Amino acid sequence: MNISVTFLLAVFLTVNADFINPEEVHLSWTENPGEIRITWATKLPSKSYATFRPLLCDSVVNPSVWNQSRSNDTKFIYGSPEKYNHQFIHTATISNLNPNCFYEYYVGCNWVVSEKFVFSGRTPVLSSTANDAQAFKALIFGNWGYGISGQYTSYLMSRESQIRDFDAVFHLGNIAYSLDSHNGETGDDFFSMIQPIASSYPYMTIPGTQEDLANYTQYHMRFLMPKNNDNKGTGFFYSLNIGPVHFAMINSELYFNKTPASLALEQTNWLRSDLTSANQQRTARPWIVILMHRPLYCASNLSLTRHTICGSEATVLKESLEEIIYDNSVDLVISAHLNGYERSAAIYKGEVLKGANSTANYYTDPAAPVYIVSGAAGNSEGLDPLYQSVSVPETTEFVGSTYGYGRIYAYNTTHLYWEQYNAANLTQVDYLWISKSQARY
Ligand SMILES: *[C@@H]1O[C@H](CO)[C@@H](O)[C@H](O)[C@H]1NC(C)=O
Ligand SMILES: *[C@@H]1O[C@H](CO)[C@@H](O)[C@H](O)[C@H]1NC(C)=O
Ligand SMILES: *[C@@H]1O[C@H](CO)[C@@H](O)[C@H](O)[C@H]1NC(C)=O
Ligand SMILES: *[C@@H]1O[C@H](CO)[C@@H](O)[C@H](O)[C@H]1NC(C)=O
Ligand SMILES: *[C@@H]1O[C@H](CO)[C@@H](O)[C@H](O)[C@H]1NC(C)=O
Ligand SMILES: *[C@@H]1O[C@H](CO)[C@@H](O)[C@H](O)[C@H]1NC(C)=O
Ligand SMILES: *[C@@H]1O[C@H](CO)[C@@H](O)[C@H](O)[C@H]1NC(C)=O
């Protein structure tokens with residue numbers, strides 16, 4: 001090959017590498033135990049793989065052996081008639097993960113690959129007998145968007161992701177502001193922003209008010225959540241057992257808007273039976289946490305356009321869900337929707353049931369769920385001006401308004417810890433310990 005041909009080939013490869021460069025790499029747990037799904041995007045089609053190997057295992061596994069999983073590559077056209085964009089979404093699944101291993105991986109085609117990332121082989125268990133007694137830690141928040149206000153959160157979370165002191169991330173709807181904005185380019189920017197975190201931890205989601213734009217097209221293509229018969233393959237609602245916690249993830253949007261009532265009823269019935277079976281395993285896994293976008297309880301009195309959040313909208317959800325939640329002794333319900341942070345006391349129908357000897361930040365055997373709103377991760381709407389009325393009601397334990405996100409640490413079967421962090425100046429906003437001596441109240 002003469003020099004000019006080599007040179008031209010090099011130029012060709014450099015230019016084209018941009019179009020097949022794997023971007024927006026993110027992970028999620030699947031409907032199967034011991035499995036993780038890797039999703040990424042390229043601008044042009046390319047026959048792609050996830051290449052992986054176990055690392056840092058307890059047991060002896062030869063770390064030099066790389067294995068490959070071919071991705072499913074789907075052309076995705078998005079945007080609007082004014083400007084259509086397209087890209088290729090690649091999803092590869094890695095199965096039979098060993099919970100005692102970390103895995104190193106990269107994605108791409110034969111010519112261009114991503115940098116290497118690492119994830120943990122620990123995944124949720126589905127069977128009723130399996131029991132993973134280790135502590136479980138996760139970051140939880142909603143209403144996180146691309147843009148200036150989201151940057152503090154992005155910075156802190158990327159730093160935290162290097163320390164590996166948590167197992168997963170839960171984003172409770174309202175993603176990117178929005179995935180569809182600017183003909184879908186905001187969605188692309190958001191996925192690039194979260195790559196440092198989402199490439200290393202399962203990034204689990206549920207829909208919020210923004211995800212149903214264009215019939216959930218972006219949401220479904222980008223976030224592949226556990227699919228099963230109950231959710232008819234939509235991944236809209238699902239549950240996970242991990243460590244001492246059962247998480248039920250539900251789509252609050254089904255109770256509103258244009259959605260047919262039958263869909264809400266389907267989800268409500270699923271939740272009831274899901275919580276019933278979770279209660280049968282309550283000795284091994286005593287904590288039950290529900291995650292959803294809109295809150296049942298909040299106190300903030302917002303502007304005229306948003307004042308229904310803690311009013312009529314919350315009432316709709318209370319009517320549909322509060323009794324099921326209480327009857328099944330759910331410990332915590334965490335939502336977003338407000339651009340702010342609030343924590344209720346342990347309450348049922350507005351009555352405070354924190355438990356004897358409880359203080360504002362330490363509940364001993366509470367007899368009702370605690371409702372938390374953690375929607376302050378930062379987005380183009382800024383923060384809601386919180387609580388403008390004269391006094392915070394007795395049912396509200398804390399109201400705060402700073403950019404940040406929450407962490408849940410389920411240490412063991414008796415102690416669960418929650419904290420909200422201020423991402424701008426690295427301080428703690430609020431915290432709560434729940435300790436309990438019995439699995440159910
Ligand atoms: C590949 O992805 C498309 C679109 O999400 C889906 O319809 C198809 O079932 C997938 N195929 C496999 C083998 O997973
Ligand atoms: C390689 O990965 C594939 C896909 O996840 C899996 O089915 C297979 O068992 C793996 N092989 C080895 C030797 O780990
Ligand atoms: C929205 O998507 C669902 C399937 O996900 C489909 O049944 C329905 O017809 C779609 N609605 C519109 C208005 O496109
Ligand atoms: C509350 O504290 C008192 C005094 O320390 C103690 O006697 C009582 O047993 C405690 N009650 C509960 C439910 O822990
Ligand atoms: C909430 O704000 C509205 C308008 O600013 C006011 O009329 C109303 O009294 C407030 N409600 C409470 C409970 O503070
Ligand atoms: C559970 O975790 C808490 C907090 O780390 C700790 O204080 C307590 O001793 C633990 N209990 C058991 C039985 O390990
Ligand atoms: C952090 O910010 C919050 C509110 O933005 C403020 O109340 C607090 O004093 C700050 N703390 C420090 C240590 O700067």
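Predicted model, so just to flag it, every value in this text is computed and none were measured. Whatever order the structure lists ligands and atoms in, that order sets their numbers, starting from 1.
- Residue Asn422 approaches ligand 7 through these ligand atoms, each under 4.0 Å from one of its heavy atoms: 1 (C), 2 (O), 3 (C), 4 (C), 5 (O).
- Taking the charged nitrogens against the carboxylate oxygens, Arg272 and Glu323 have no contact shorter than 4.0 Å, which rules out a salt bridge.
- Between the side chains of Tyr421 and Glu419, no donor-acceptor pair is found at a separation under 3.5 Å.
- Geometrically, ligand 7 and Thr427 share no nitrogen or oxygen pair separated by less than 3.5 Å.
- The distance criterion of under 3.5 Å between nitrogen or oxygen atoms is not met by Thr402 with respect to ligand 7.
- Protein residues with a heavy atom under 4.0 Å from ligand 4 are Ala356, Asn357.
- Using a distance-only test at 3.5 Å, with no hydrogens or angles considered, no donor-acceptor pair links the side chain of Ser161 to the main chain of Ile197.
- Of the polar atoms of Asn412, at least one N or O is found under 3.5 Å from an N or O of ligand 6, judged by distance alone.
- For Asp384 (side chain) and Asn339 (main-chain N/O), a donor-acceptor pair under 3.5 Å exists by modelled atom type.
- Residue Glu35 forms a side chain to side chain contact (heavy atoms under 4.5 Å, CB included) with just one option from Ser28, Ser95, Pro124, and that option is Ser95.
- Residues that satisfy the side-chain hydrogen bond (donor to acceptor under 3.5 Å, both in side chains) test with Ser374, not counting sequence neighbours, are Gln420.
- Residues passing the salt bridge (Lys or Arg N to Asp or Glu O under 4.0 Å) test with Asp212, sequence neighbours excluded: Lys258.
- With sequence neighbours left out, the side-chain hydrogen bond (donor to acceptor under 3.5 Å, both in side chains) criterion links Ser437 to Asp365.
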